[in-house]
Amino acid sequence: MLVDKYNRSFPYLRLSITEVCNFSCNYCLPDGYKKTGAEHFLNQDEIRRLVDAFVELGVWKIRLTGGEPTIRKDFTEIAKMIGDRPEIDTLAFTTNGYRLKERAQEWHDAGLNAINVSIDSLNAKKFHAITGHDRMQEVREGIDKAIEVGFKDVKINVVLLKGVNDDELDNYLEYVKDTPVSVRYIELMQTGDNLTYFNKFHLSSDTVKDKLLAQGWVENIRALGAGPAANFTHADYAGSIGLIAPYSKDFCTNCNRLRITSSGDLRLCLFGNVGIPLRHMLHNDDQKGDLVAAISKQLDYKASSHFLALGDTGIMTNLSSTGG
Ligand code: SAM
Ligand code: SF4
């Protein structure tokens, strides 16, 4: 297992397979994804070699992300290739849900067993205004389908936005009353691109925490090796609420993940200042030893924390480019 000098272990890899996205979320790609002409994302062989190396290093959870990962024509094939590996216990993906209703069964059959769907508002008009797409109902139906086909872990990502969706906690609570999903409020993060937006819309998730505690929700003790989210449950509710607060004091203490960008750079931290190119070690299967050694060595350089509170967002311009 990969362990760094702060005694954090890394069983979890977030693998971005594309930067392309069809949505234009205000906080991420407000003008939509603009083709650069240089799109040359990891191919299936490269992904397989990466997965091989990370499995050897003890990774048992992989999340496919992007951009919008399901936009790739070979998304199901990629999932199947990873899902067939017995060492991978959890194969997750994060999606805006635009094809979920039609494809949930196919993706589950391919081996995906955990899913995060972004749905920043349960109000159709607001959802449209945030994402640029009038598709809230369709995405919700996709979530129902994911539950129906047997995804064992269904999470809903909600980026908390001051004055936009911070009045919707009751709607999400009503939703999780009978629906066995975890709604995860993510604090808006500053990126290289969104400073003005961030200053206007960032809100601490403490506001949500206070309301939950006042209504009898209980913060669960974090399981060993669990990620940075704080989870809240309530006996009367089928679902749960999670809070992801990257600006909180101990957020990085629980870091358990590494990232690979869609062009094959290793990122030790979402907000780090370097990307370590691995692609030149993905040309053939014989390079596995070098690849494993390079990844292990880089862990020595993983910092104890990000410097977000100082406004240092590292080299990340937006989350679609790094893999959210
Ligand atoms: N396209 C997929 C989606 O939206 O679910 C996957 C990629 S997206 C970058 C992953 C997650 O990052 C989404 O839940 C999105 O809402 C979140 N995200 C993007 N930019 C963010 C930001 N600046 N602060 C907080 N969360 C952000
Ligand atoms: Fe696309 Fe996801 Fe970014 Fe929204 S958050 S623009 S869906 S990559």
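For ligands, and for the atoms within them, numbers begin at 1 and follow the listed sequence.
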query: Should the pair Asp166-Lys162 be classified as a salt bridge under the 4.0 Å nitrogen-to-oxygen rule?
result: no
message: Regarding Arg63 and Asn116, do their side chains bring together a donor and an acceptor under 3.5 Å, going by distance alone?
response: yes
- prompt: Which protein residues have a heavy atom closer than 4.0 Å to any atom of ligand 1, listed by chain and number?
  reply: Tyr27, Cys28, Thr65, Gly66, Gly67, Glu68, Thr94, Thr95, Asn96, Ser118, Asn157, Val159, Ile186, Glu187, Leu188, Met189, Thr191, Asn194, Leu319, Gly324
- prompt: Does a donor on one side chain sit under 3.5 Å from an acceptor on the other, for Thr95 and Glu68?
  reply: yes
task: Please determine if Lys5 and Asp300 form a salt bridge, counting it only when a charged side-chain N lies under 4.0 Å from a carboxylate O.
output: no
- request: Would you check if there is a donor-acceptor pair between the side chains of Asp120 and Tyr27 at a distance under 3.5 Å?
  value: yes
message: Is it the case that the side chains of His202 and Gln190 hold a donor-acceptor pair, with the cut-off being a distance below 3.5 Å and no angle test?
response: no
- prompt: Does Lys155 come within less than 4.0 Å of Asp153, counting only side-chain N to carboxylate O?
  reply: yes
message: Ignoring hydrogens and geometry beyond distance, is a side-chain donor-acceptor pair present between Ser263 and Arg279 at under 3.5 Å?
response: no
field: If only protein N, O or S atoms under 2.8 Å count, total around atom 1 (Fe) of ligand 2
entry: 1
message: Under 4.0 Å between a side-chain nitrogen and a carboxylate oxygen: does that hold for Glu138 and Arg135?
response: yes
